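Encoded as structure tokens, the structure appears first; notes follow it.
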Amino acid sequence: MKRGMKIDPKDTVGVVLDDIVVGESLGVGGETIVATSDITMPHKIALQDITIGQEILKYGEVIGYATQNIGKGEHVHVHNLDSEKLMK
């Protein structure tokens, strides 16, 4: 099984430690997540369903907000995450 990392129990995303393709299982924080998109290391994977506008937490900190609904196992990156709100 491929590997991922979750630092804080509050995190809504984990970090993949191997390149992942759709359908592969990934062990993250004691849970198994099935990838719903290809993800290259060291990008983020959604550990739960995230709704549009919801805070995205990594390392226990808000890193941005979802710009669209993100399903569990989906790649999380600039195409569905906006950190600009944090700078205002």
Side-chain angles (χ1 to χ4, degrees):
M1 181 183 316
K2 299 281 179 121
R3 300 170 302 130
M5 178 175 61
K6 177 180 177 181
I7 298 297
D8 190 281
K10 298 178 293 196
D11 288 351
T12 56
V13 296
V15 177
V16 299
L17 301 177
D18 299 295
D19 290 347
I20 305 296
V21 297
V22 173
E24 279 192 296
S25 296
L26 175 73
V28 183
E31 184 178 352
T32 300
I33 306 289
V34 177
T36 60
S37 52
D38 295 342
I39 308 170
T40 56
M41 182 191 94
H43 283 227
K44 297 171 290 302
I45 187 169
L47 301 178
Q48 63 186 53
D49 290 337
I50 301 169
T51 57
I52 191 168
Q54 183 178 338
E55 294 178 340
I56 296 177
L57 300 168
K58 179 180 173 188
Y59 308 130
E61 300 292 329
V62 176
I63 61 164
Y65 299 86
T67 58
Q68 62 190 49
N69 290 329
I70 303 168
K72 182 178 181 177
E74 192 174 334
H75 183 206
V76 178
H77 198 51
V78 296
H79 66 283
N80 56 13
L81 171 135
D82 180 14
S83 60
E84 189 172 306
K85 289 181 183 179
L86 296 175
M87 294 186 274
K88 292 181 181 179

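Note that this is a predicted model, so its numbers are computed, not measured. Only this structure's heavy atoms are used, side chains among them; waters, hydrogens and symmetry mates stay out.
Of all heavy-atom pairs between Gly71 and Ala46, the closest is O-CB, 3.4 Å. For the residue pair Ala66 and Thr51, the shortest heavy atom distance occurs at CB-O, 3.5 Å.
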Using the rule given for side chain to side chain contact (heavy atoms under 4.5 Å, CB included), can you reason through Val62 versus Leu57, listing the C-alpha separation, both sets of side-chain angles and the distance that settles it, and then say yes or no? CA-CA 5 Å; Val62 176; Leu57 300 168; 3.5 Å; yes

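Under the 4.5 Å side-chain heavy-atom criterion for ILVMFWY residues, no single connected hydrophobic cluster contains both Val16 and Val22. In terms of hydrophobic clustering, with Ile, Leu, Val, Met, Phe, Trp and Tyr side chains grouped at heavy-atom distances under 4.5 Å, Leu26 and Ile39 are assigned to a common cluster.
Around CD of Gln68, the count of heavy atoms belonging to other residues, nucleotides or ligands within 6.0 Å exceeds 12.
Not one N or O on the side chain of Ser37 forms a donor-acceptor pair closer than 3.5 Å with the backbone of Glu74.
To the nearest 0.5 angstrom, Met41 atom CE is 10.5 Å from Met5 atom CE. In this structure, the separation between CG on Asn69 and CD1 on Ile50 is 10.0 Å, given to the nearest 0.5 Å.
Side chains of Ile56 and Val76 form a contact here, defined as non-hydrogen atoms less than 4.5 Å apart. Looking at Leu47 and Ile33, their side chains come closer than 4.5 Å, going by heavy atoms from C-beta outward. Counting only heavy atoms from C-beta outward, the side chains of Asp38 and His75 never approach each other to under 4.5 Å. Between Glu55 and Tyr65, some side-chain heavy-atom pair lies under the 4.5 Å cut-off.
When each of Val13, Ile7, Thr12, Leu81 is checked for a side chain to side chain contact (heavy atoms under 4.5 Å, CB included) with Lys58, only Val13 meets the rule. Residue Lys44 forms a side chain to side chain contact (heavy atoms under 4.5 Å, CB included) with just one option from Asn80, Ile70, Ile63, and that option is Ile63.
Counting only residues at least two apart or on different chains, the salt bridge (Lys or Arg N to Asp or Glu O under 4.0 Å) pairs with a member in residues 4-21 are Arg3-Asp18.
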